[in-house]
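Working notes for the structure below.
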Amino acid sequence: MASEALLSVRDLRIAFDGVEAVRGLSFDVRPREALAIVGESGAGKSLTARALLGMLPRGATTSGTISPDLSAHRGRRISLVPQDALSALSPVHPVGDQLAAAVRSVAGVSRKEARARAVAALDRVGIPDAARRARAYPHEYSGGMRQRAVIAMATINEPDIVVADEPTTALDEERRDQVLRLLAEQRAAVDAALVLVTHDMDVVQGHADRVLVMYAGRLTELGPADEVLARPRAPYTAGLLASLPQHAPPGRRLPALRGTPPVPGALPPGCAFAPRCPLAAEACHTAEPEPRQAAGRLVACHRWEELPHPATELFLKERQPV
Amino acid sequence: MSDPLLDVRDLVVRYGQVTAVDGVSFSLAAGETLALNGPSGCGKSSTALAVLQLRRPDSGEVRFEGRELTTLPEPELRPLRPRMQPVFQDPYGSLSPRHRIRDAIAEPLKVQGRWDPEKGPARVAELLDRVGLDPAYGDRRPHELSGGQCQRAGIARALASDPRLLVLDEPVSSLDPSVRAGVLNLLADLQDDLGLGYLFICHDRAVVRHVADRVIEMREGRVTSG
């Protein structure tokens with residue numbers, strides 16, 4: 001298995017002021033795959049992605065290994081599509097110049113050649129009249145065009161891995177699907193793997209080969225995306241999927257997880273999900289489960305074998321009296 | 001059939017040269033959820049502000065509980081305002097960071113001159129309980145709450161005024177997925193108990209399909225279906 005990994009993360013820990021936000025995470029990124037990292041606020045998904053890029057915020061202390069370390073080759077072997085396309089672009093330079101600068105930062109090519117590549121990249125992502133548009137500034141682009149330009153910049157140096165950090169969070173549904181399709185198409189064209197960070201299970205459907213579900217800084221479930229979506233094995237994944245309105249049985253009330261995700265530094269004892277978990281037993285409140293091979297994937301749950309399928313009923317509670 | 005709770009006719013909202021809402025009409029009954037759905041910039045939120053008279057529309061009618069609001073001067077509008085309450089997308093942004101939750105919930109009652117120092121605190125505790133928050137959260141400030149808890153506090157504050165209509169502008173769009181369903185269930189329960197009318201603005205079609213009795217699709221300021 002190890003031989004087919006493009007990048008291996010082992011026991012990654014990221015802490016701020018002694019408080020661990022990522023707590024011992026191991027996974028591989030395989031060549032040309034799309035790996036979705038799914039989690040809620042505080043799950044550690046964005047920090048994990050930033051660690052791959054060597055872009056952690058100041059004050060972060062890390063341990064564990066990421067091999068190979070691509071952060072020294074950021075912009076060439078690994079690149080980022082950030083959430084906010086506007087702030088990712090400099091407002092005072094023409095878009096084409098910014099793409100050309102990205103090319104020249106890694107490849108010894110002439111200005112003219114870099115410029116030609118920038119125009120070609122803008123053209124590839126469907127910017128109309130790319131040669132003219134390359135001379136325009138970001139504020140002269142629509143939101144959708146900026147997003148395209150940022151994707152063009154992330155793929156222009158043909159990296160091994162494109163990391164997309166919540167690339168569609170601020171977008172409405174129509175735009176979201178357009179951006180994800182463009183991202184898939186562009187990274188496939190340069191044979192890059194995609195690490196897609198998202199809080200949205202919906203994004204995983206049809207846009208990822210494998211999915212890593214994180215909760216409170218740890219791996220909860222990791223496996224083929226279609227299998228995990230079709231039959232989740234961890235109660236957290238099952239609850240998340242069951243609570244999506246598009247999967248819910250008709251009726252006024254949705255299946256829902258109780259409580260809220262824990263805050264780093266204030267984790268409950270044992271499994272961090274136990275206080276919200278309808279399957280939690282005594283062991284779950286004392287020992288944190290390690291990821292284990294189960295049903296063709298990794299699952300970190302003491303009681304995964306007890307999880308019914310479908311699990312909807314577990315999360316469909318009668319209303320509380322008010 | 002009795003009068004609708006809210007009846008909007010030919011609503012127009014302009015910002016300079018831009019017509020954000022271009023002749024929108026709909027009506028909403030008590031106990032009903034009407035969803036406004038459409039992409040960013042289609043005029044959903046401008047419609048919400050105009051219904052609430054937070055931004056006076058350029059033309060058209062907004063009839064609420066049988067009274068035409070657009071021509072009412074502010075002093076006559078003021079006693080009606082408590083009966084139509086907004087709930088916004090950003091739960092942190094809609095609560096003052098410096099106020100404790102219980103003060104944020106009491107504030108509308110004080111502003112409306114309905115605050116009873118004897119019974120007020122119990123009323124705040126009851127409102128917190130009603131939205132599924134332990135009344136002990138009343139002592140906290142917004143940054144000490146999660147997004148979902150904050151949104152529940154925002155709903156409690158809206159309920160403090162005994163409204164008939166809630167205008168919910170993307171009320172679950174910024175919430176974590178695992179808490180979104182709980183807030184949607186809360187809104188359903190409140191509607192069942194209190195017979196509230198909901199004008200529910202949301203760009204997520206799956207949420208809209210689940211919560212709405214009727215859906216209006218908007219695009220470029222106009223209603224395209226519904």
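For Arg175(A), no part lies under 4.5 angstrom from a heavy atom of chain B. For Ser146(B), the part sitting under 4.5 Å from any heavy atom of chain A is the side chain, from C-beta outward, and nothing else.
When each of Arg205(B), Gln191(B), Arg209(B) is scored by its heavy-atom pairs under 4.5 Å with chain A, the top score falls to Arg205(B). With respect to chain B, the highest number of heavy-atom pairs below 4.5 Å among Ser41(A), Ser243(A), Gly259(A) belongs to Ser41(A). No other option in Gln246(A), His247(A), Glu40(A), Arg258(A) has as many heavy-atom pairs under 4.5 Å with chain B as Glu40(A).
In this pair, Tyr215(A) and Tyr236(A) present their aromatic rings tilted. The plane angle is within the 30 to 60° band.
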**OP:** Give the intermediate values and the outcome of side chain to side chain donor-acceptor pair (under 3.5 Å) for residues Ser45(B) and Asp169(B).
**Re:** CA-CA 7 Å; Ser45(B) 293; Asp169(B) 193 353; 2.8 Å; yes
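Taking a 6.0 Å sphere around CZ of Arg222(B), one finds it holds 12 or fewer heavy atoms contributed by other residues, nucleotides or ligands.
The shortest distance between side-chain heavy atoms of Leu89(A) and Arg146(A) falls below 4.5 Å.
Shown here for Ser96(B) and Pro142(B), the closest heavy-atom pair between the two residues is O-CG, 3.3 Å.
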